[in-house]
Amino acid sequence: MKSHFADSVREAVRQIPKGETRTYGEVAAAIGRPGAARAVGTVMRDNYDPTVPCHRVVLAGGKLGQYNRGGPEKKRALLRAEGVAV
DNA sequence: ATAATGACGTGAT
DNA sequence: AATCACGCCATTA
């Protein structure tokens, strides 16, 4: 089910530069829905688009967060491979 | 339209 | 510092 919200989230996440991490709250605010961090997570969970670097989206506290592909371990590996200190 | 769920966030214990 | 509880928004049944 594609919704405008999900589409916006994917686009915003796609704009995240390599080697940088963005929080769910930041992404939510970037699309015009501040506080919708949870909703962003819901979208990411349903989003399997490889063109979207969803592994660059982390928790506000600087933690990794979940991942739909091998768990947080895989996510950490990807971020670390881009030069992100985790 | 209502209830339940979930890759979050902040505050309190 | 770690853990528990409540609140937030969008999606799905």
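Residue numbering restarts at 1 for every chain, and letters A, B, ... go by the order of the sequence lines.
In this structure, A:R76 atom CZ and B:dA7 atom P are separated by 19 Å, rounded to whole Å. Rounded to whole angstrom, the span from the CG atom of A:L59 across to the C1' atom of B:dG6 amounts to 13 Å. Between A:R10 atom CZ and C:dT11 atom P there is a gap of 11 Å when expressed in whole angstrom units. A:D46 places its CG atom 16 Å from the P atom of B:dT5, with the value rounded to the nearest Å. Protein atom NE2 of A:H55 is 19 Å distant from nucleotide atom P of B:dA7, rounded to whole Å. For the pair A:R22 CZ and B:dA7 P, the interatomic distance rounds to 22 Å; values are reported in whole Å. As rounded to whole Å, 18 Å separates atom C1' of B:dG9 from atom CE of A:M44. Regarding A:I31, its CD1 atom lies at a distance of 13 Å from the C1' atom of C:dT11, rounded to whole Å.
Nearest nucleotide to the A:T23 side chain, out of C:dT11, B:dG9, B:dA7: B:dG9. Proximity note for A:A60 (side chain, C-beta onward) versus B:dT10, C:dA10, B:dA7: the nearest is B:dT10. In this structure, the nucleotide among C:dT11, C:dA10, B:dA7 sitting nearest to the side chain of A:N68 is B:dA7.
At a threshold of 4.0 angstrom between heavy atoms, the contacts of A:F5 are confined to the sugar-phosphate backbone, with no base atom among them. A:A37 comes within 4.0 angstrom of sugar-phosphate atoms only, judged by non-hydrogen atoms across all strands, and of no base. At the heavy-atom level, A:R33 lies under 4.0 Å from the strands shown only through sugar-phosphate atoms.
Taking 4.5 Å as the limit, every side-chain heavy atom of A:K2 sits out of range of all side-chain heavy atoms of A:D7.
Residues A:A60 and A:T23 approach most closely at CA-CG2, 3.7 Å, considering heavy atoms.
Counting non-hydrogen atoms of other residues, nucleotides and ligands closer than 6.0 Å to CD of A:E73 gives a total of 12 or fewer. Counting heavy atoms of neighbouring residues, nucleotides and ligands inside a 6.0 Å radius, atom CD of A:E82 exceeds 12 of them. Shown here is A:R80, whose CZ atom has no more than 12 heavy atoms of other residues, nucleotides or ligands within 6.0 Å.
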